[in-house]
Amino acid sequence: MQTVLIRDIGQYEGKKVTLKGWLYNRRSSGKIQFLIIRDGTGFIQGVMVQAESDPEIYELAASIPQESSIEVQGTVKRDARSPLGYELVLENIVLISEAKDYPISLKEHGVDFLLDHRHLWLRTPRQVAIMRIRNTVVKALRDWLDSRGFCLVDAPILTPAACEGTTTLFETDYFGEKAYLSQSGQLYMEAAAMALGRVYCFGPTFRAEKSKTRRHLIEFWMLEPEMAFVEHEENLAIQEEIVKYVIRTVLEKHRQDLELLQRDISRLEKVLEKPFARMSYDAAIEYLQSQGHDIQWGDDFGAPDETALANLHDGPVFVERFPAAIKAFYMKPDPQRPEVVLAADLLAPEGYGEIIGGSQRIDDMDLLLQRIKEHNLPEEAFQWYLDLRRYGSVPHSGFGIGLERFITWICGLSHLRETIPFPRLLNRIYP
RNA sequence: UCCUCAGUAGCUCAACGGUAGAGCAACCGGCUGUUAACCGGUAGGUUGCAGGUUCGAAUCCUGCCUGGGGAGCCA
């Protein structure tokens with residue numbers, strides 16, 4: 001008899017098949033019982049009628065605890081009452097391993113309890129849906145980049161010094177020297193872009209900030225493309241295209257998962273309909289002041305400011321040309337207005353905050369050296385980075401997408417901790 | 001680091017100065033189409049920890065611990 005996956009069950013209508021998985025739930029009504037079986041690819045209801053079953057097997061079925069691993073044989077039957085469209089008329093059940101006193105019930109649980117049991121929480125339909133969407137988001141991002149000639153170049157995770165100096169880094173011992181967990185692969189991608197033209201890195205990044213909000217993880221994944229001969233305008237166009245491609249792909253492949261998450265799908269469809277909004281930093285400040293926010297030209301946006309700006313639109317909005325003083329040392333000044341840099345943040349709608357930060361980079365040797373000094377960065381440590389301007393410097397740009405924030409927005413979640421299999425949060429590193 | 005809210009049964013919560021309770025889970029029983037099934041029963045507690053006020057504290061006060069949400073910072 002063929003062992004099949006629940007995902008493919010429709011191909012076996014009327015046939016007898018074997019299924020291997022776990023018992024998700026059981027409902028019984030005296031002489032009939034329903035076993036909900038999951039195998040990682042889906043959920044299916046198995047039906048057993050006492051009068052038509054082997055008494056020993058019927059009794060076994062009635063006694064198997066939730067989340068025990070089982071192997072079952074049964075006949076696939078079309079049934080309109082099933083959300084899947086099919087049921088399995090069970091004929092045999094083999095208990096592989098009994099799960100006694102499974103901690104997670106089908107009722108509500110608190111966040112603390114669920115996070116302590118993240119290794120089991122992942123088994124629930126909602127978490128499975130999110131993990132599958134995460135998989136699709138990653139694949140769509142990479143497919144888009146690969147199809148446009150980008151090359152994946154892996155950045156190191158152990159780094160000798162702060163990339164940008166601002167954020168708190170995790171320190172570790174590197175054979176007697178200090179080393180730090182990477183907070184960005186960008187500087188290395190600039191080197192790679194001078195070798196391969198268009199590149200990206202995709203990996204975990206670490207921030208030792210004592211942040212605990214629904215928008216922060218200590219360890220998160222970031223995709224960072226970097227492109228030689230690409231300037232500010234084209235940089236934004238590329239960001240818009242890749243974001244739209246990912247959303248279109250998720251809408252195509254995950255309607256059911258999005259519905260399970262109770263995502264308002266029309267909000268995502270709207271994003272595809274028109275170009276992303278654009279707003280200058282200057283205009284943003286003017287708007288915020290008109291709304292009574294306490295903010296001056298030269299200040300960075302706080303979270304309430306960002307939300308107010310994002311709420312002006314029902315799609316994402318680029319905020320661009322920030323004061324150089326509040327941005328990273330490597331960002332290129334606008335030639336028309338050197339006090340602002342050719343940088344943009346992409347703010348997601350619906351209060352999901354910044355999902356992309358990008359900029360054109362300084363390609364002039366003297367200016368970059370000057371900025372390194374102004375920021376009190378160790379010149380010695382940046383010699384290799386300066387070499388990129390010494391030897392065949394070109395205009396280049398790049399950006400970073402925060403994977404978990406992007407997924408949180410796509411899925412319409414209230415907290416990004418559900419978008420990563422094992423979230424690292426402030427004071428929480430178990431399991 | 002700061003602000004704020006909360007810790008009571010395995011889980012989710014109620015009791016707000018006068019004998020600690022419910023739903024779910026567990027266990028026993030009933031039910032032939034259930035969808036977090038339902039119905040009846042049994043068992044389950046050092047109320048986060050330490051101190052204080054009071055005739056009497058889960059409840060009021062002080063300190064500590066743990067967690068949630070937020071600020072700052074960021075993706």
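Naming: A, B, ... by sequence-line order, numbering from 1 per chain. Below, each value reflects all heavy atoms present in this structure, side chains not excepted, and no hydrogens, waters or symmetry copies.
Taking only side-chain atoms of A:D79, from C-beta outward, the nucleotide of B:rA75, B:rG72, B:rG33 with the closest atom is B:rG33. Comparing B:rA71, B:rA36, B:rG33 by their nearest atom to the side chain of A:F34 picks out B:rG33. Residue A:L217 has its side chain nearest to B:rA75 when only B:rA71, B:rA75, B:rG67 are considered. In the set B:rA75, B:rU1, B:rU34, the nucleotide with an atom closest to the side chain of A:R27 is B:rU34. Out of B:rA75, B:rC74, B:rC73, the shortest distance to the side chain of A:L416 is found at B:rA75.
The strand RNA chain B forms stems, runs of 3 or more Watson-Crick or G-U wobble pairs with distances below 3.5 Å, at B:1-7 with B:65-71, B:10-13 with B:21-24, B:26-30 with B:38-42, B:48-52 with B:60-64.
For A:Y200 and A:D146, the side-chain atoms include at least one donor-acceptor pair closer than 3.5 Å. Under the 3.5 Å distance criterion, with hydrogens and angles disregarded, a donor-acceptor pair is assigned to the side chains of A:S105 and A:H109.
Residue-to-nucleotide contacts include a donor-acceptor pair under 3.5 Å from the side chain of A:R405 to the base of B:rC74. Put simply, the side chain of A:H216 and the base of B:rC74 share a donor and an acceptor less than 3.5 Å apart. A donor N or O paired with an acceptor N or O is not found under 3.5 Å between the base of B:rC74 and the side-chain atoms of A:S211. At a cut-off of 3.5 angstrom, the base of B:rU34 holds no donor-acceptor pair with the side chain of A:Q33.
In this pair, A:F382 and A:Y385 present their aromatic rings perpendicular. The plane angle is above 60°, beyond the 30 to 60° band.
Heavy-atom nearest nucleotides on RNA chain B were determined for A:K31 and for A:H109, and the one closer to the 5' end corresponds to A:H109.
Of the side-chain N and O atoms in A:H415, one or more sit less than 4.0 angstrom from OP1 or OP2 of B:rG69. Note on A:R26: every side-chain N or O is 4.0 Å or more away from OP1 and OP2 of B:rC38.
Applying the salt bridge (charged side-chain N to carboxylate O under 4.0 Å, His left out) test to pairs two or more places apart or on separate chains, none has a residue in residues 100-111 of chain A.
For RNA chain B, the residues of residues 422-431 of chain A within the heavy-atom distance limit of 4.0 Å (strictly under) are A:N427, A:R428, sorted by number.
One distance of note links CZ of A:R263 with CD1 of A:I133; it measures 10.0 Å at 0.5 Å rounding. For the atom pair NE2 (A:H119) and NE2 (A:H117), the distance works out to 6.0 Å, reported to the nearest 0.5 Å.
A:G353 comes within 4.0 angstrom of no nucleic acid atom, judged by non-hydrogen atoms across all strands. Here A:F220 lies in heavy-atom contact (under 4.0 Å) with a base. Among the protein residues, A:S105 comes within range of no part of the nucleic acid, since none of its heavy atoms lies under 4.0 Å from any strand. Base engagement by A:S28 is indicated by at least one non-hydrogen atom pair under 4.0 Å involving a base atom.
Scored by the salt bridge (charged side-chain N to carboxylate O under 4.0 Å, His left out) test, A:E91 finds A:K16 as partners (sequence neighbours excluded). By the side chain to side chain contact (heavy atoms under 4.5 Å, CB included) test, A:I429 is found to be paired with A:R424, residues two or more places apart in sequence or in another chain being considered.
Here the options are A:E190, A:R198, A:R361, A:Q360, the test is side-chain hydrogen bond (donor to acceptor under 3.5 Å, both in side chains), and the partner is A:H396; only A:E190 passes.
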Please list, pair by pair, any protein nitrogen or oxygen found under 3.5 Å from a nitrogen or oxygen in nucleotides 13-16 of chain B.
none

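Comparing the same atom, P, in B:rC65 and in B:rU53 gives a spacing of 24 Å after rounding to whole Å.
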Go through A:Y180 and A:F170 one step at a time and tell me if the ring-ring contact (aromatic ring centres under 6.0 Å, His included) criterion holds. CA-CA 5 Å; A:Y180 303 89; A:F170 280 104; over 10 Å; no

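A ring-centre distance under 6.0 Å is found for A:Y281 and A:W297. Ring to ring, A:W121 and A:F422 are not that close: their centroids are 6.0 angstrom or more apart.
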